[in-house]
Amino acid sequence: MDRGAELYIEHGGRRLLNLASNNYLGLAGAPELRDGAIRAVQEYGASSGASRLVTGNYALYDQLDREIAAFKEQEDAVCLGSGYAANLCVLSSLADRNTVVFSDRLNHASIVDGILLSRAEHVRYRHNDLDHLAALLSKHADVPRKLVVTDTVFSMDGDVADLEALLPLCRDHGALLVLDEAHATGVLGRGRGLAHALGLQDEVDVHMGTFSKALGSYGAFIAARRDIVDGVRNFGRAFIFSTSLPPAVVGASLAALAVVRGDHSRSERLMLLTSQLRGVLRRLGFDIGSSSTQIIPILLGGNEVALAARDFLMDQGVFAPAIRPPTVPEGSARLRLSLRADLEEEDMALLCAGLEALAAQGGP
Ligand SMILES: *Cc1c(COP(=O)(O)O)cnc(C)c1O
């Protein structure tokens, strides 16, 4: 596999429509981002040379922090090496051995690792099951510090967290709410994420998001109240003890933000395509679970069925990965379609023809 962010990939001598990448807006190859990266390299060189706390800080990095804080409408923000590092920092700076962290069972692995690093007690609640969460919060009523953490768009199911119900629950139980908006950033809420899509941005305590998916660049951010962001800067070991992002990446991220702030047509087109495709899949009788976003699973059950469906679609010119346990629960192997805003009519026609053939050959 080569050039895996592009709309078409070459695989085994074939040209395949790429529904496997997280380049949801098609920005990774956009001229604005290329220019942003090139300008930053020309001005600053290839490496920052150190952690931001030592000499690895540049005006460009402070600018990205400020622009993210404004974009997310938060007091402050800090940008750092990756989404993985951001979750380690958030959890290890906000939680310690006297904290209980309540985490959705389907949360990303970096959240799980962040909780482990923090030494907090890790309590998992059933996916999007807020009655279960409420019961667990009540059970830990006398714990002094509680955190609830959730992905907003779940990466293998494309469903979303129920923020409208989560917020009052957190408030009633005195828990901080931490959101991982990795798959929502650039896509929902005019690019700002699910909290903004619902108008709840002021009530959420910590907003984490990445530049590495829809924004087509690399790295991540944490936006929150000033004291929380200061905590990350002062205690987030994955921030302190790691070289800051290369200037080219920061230049590309600034350019991506400018694109997303100025023009919502990409995310709007993506949402239109996803609702069209959901309709097609349902009509063909496929089980797409509770997906409401650009990530659409086709739930198939057994591993062999999922692998056969993947190979069948490849013969039709479409690449959608087969996701199997342990990435997803036993017996829930699936194809995972990641739609993207740069799909044209003929690409959608190719995809729909492939799916119709798949439905016809074996039935869903
Ligand atoms: C991809 C992802 C991350 C990690 O982000 P990277 O920038 O790739 O390190 C964290 N959380 C979620 C939910 C993700 O999907």
Side-chain angles (χ1 to χ4, degrees), residues 4-5 19-25 27-28 33 64 68 72 77-94 101 103-118 124 127-128 147-161 163 166 177-189 191-195 204 206-223 232 236-239 242-246 248-250 252-253 256-257 291-297 321 323 327-328 336-340:
L19 299 182
S21 130
N22 302 320
N23 184 16
Y24 301 124
L25 299 181
L27 284 178
L33 274 73
L64 186 59
I68 280 291
K72 297 288 287 184
V78 61
C79 296
L80 64 182
S82 68
Y84 187 90
N87 278 334
L88 293 193
C89 283
V90 166
L91 288 151
S92 61
S93 62
L94 284 178
V101 181
S103 170
D104 188 290
R105 223 174 240 292
L106 295 189
N107 276 344
H108 192 261
S110 55
I111 292 176
V112 176
D113 291 3
I115 298 169
L116 282 174
L117 188 66
S118 75
R124 304 204 308 164
H127 175 52
N128 264 344
L147 242 59
V148 173
V149 56
T150 184
D151 290 8
T152 54
V153 172
F154 287 88
S155 56
M156 296 302 148
D157 293 86
D159 57 344
V160 299
L163 295 189
L166 260 175
L177 180 60
V178 179
L179 298 184
D180 179 337
E181 298 255 31
H183 291 282
T185 302
V187 177
L188 301 179
R192 287 151 177 83
L194 180 65
V204 171
V206 184
H207 305 255
M208 173 276 189
T210 61
F211 295 103
S212 51
K213 290 178 173 134
L215 294 180
S217 176
Y218 190 75
F221 59 82
I222 296 159
V232 171
R237 294 163 68 87
F239 174 71
S242 192
T243 302
S244 53
L245 287 164
V249 165
V250 179
S253 295
L257 262 188
S291 167
S292 60
T293 66
Q294 77 278 11
I295 300 168
I296 307 182
I323 312 286
T327 307
V328 292
R336 175 180 183 267
L337 312 184
S338 301
L339 293 197
R340 34 194 296 163

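Remember, predicted model here, so these are calculated numbers, not experimental data. Read the numbers this way: they start at 1 and go in the same order the structure lists the ligands and their atoms.
The distance from atom CG of Asp151 to atom CD of Glu181, rounded to the nearest 0.5 Å, is 9.5 Å. The line from CG of Leu88 to CD1 of Ile111 is 10.5 Å long, rounded to the nearest 0.5 Å. Taken to the nearest 0.5 Å, the NE2 atom of His183 stands 5.5 Å off from the CG atom of Asn22.
Residue Thr210 has no N or O atom closer than 3.5 Å to an N or O atom of ligand 1. Looking at ligand 1, you'll find an N or O of Asp180 within less than 3.5 Å of one of its N or O atoms. Inclusion of Gly219 in the set of residues having an N or O under 3.5 Å from an N or O of ligand 1 is not warranted. Looking at Ser212 next to ligand 1, an N or O pair under 3.5 Å apart turns up.
Nearest to atom 3 (C) of ligand 1 among the protein's heavy atoms is His108 CE1, 3.4 Å.
Using a 4.5 Å heavy-atom cutoff, the side chains of Met156 and Leu106 are not in contact. When side chains are defined from C-beta on, Phe211 does not count as touching Leu27, because their heavy atoms never get closer than 4.5 Å.
Residue Ser110 has at least one heavy-atom neighbour below 4.0 Å for each of these atoms of ligand 1: 10 (C), 11 (N). Listed by atom number, the atoms of ligand 1 under 4.0 Å from Ala182 heavy atoms are 2 (C), 11 (N), 12 (C), 13 (C), 14 (C), 15 (O). The distance from ligand 1 to the heavy atoms of Asp151 drops below 4.0 Å at these ligand atoms: 13 (C). Below 4.0 Å from some heavy atom of Gly83 lie the following atoms of ligand 1, by number and element: 4 (C), 5 (O), 6 (P), 7 (O), 9 (O). Which parts of ligand 1 touch Tyr84 is read off a 4.0 Å heavy-atom cut-off, strictly below it: atoms 4 (C), 5 (O), 6 (P), 9 (O). Distances below 4.0 Å separate heavy atoms of Lys213 from the following atoms of ligand 1: 1 (C), 2 (C), 3 (C), 14 (C), 15 (O).
Of all non-hydrogen atoms in Ser292 and Val160, the two that sit nearest each other are OG-CG1, 3.9 Å.
No side-chain donor-acceptor contact under 3.5 Å links Ser93 to the backbone of Gly236. The main-chain N or O of Ser110 is never found under 3.5 Å from a side-chain atom of Asn87 such that the two would form a donor-acceptor pair.
Note on ligand 1: Ala220 sits outside its first shell, no heavy atom being nearer than 4.0 Å.
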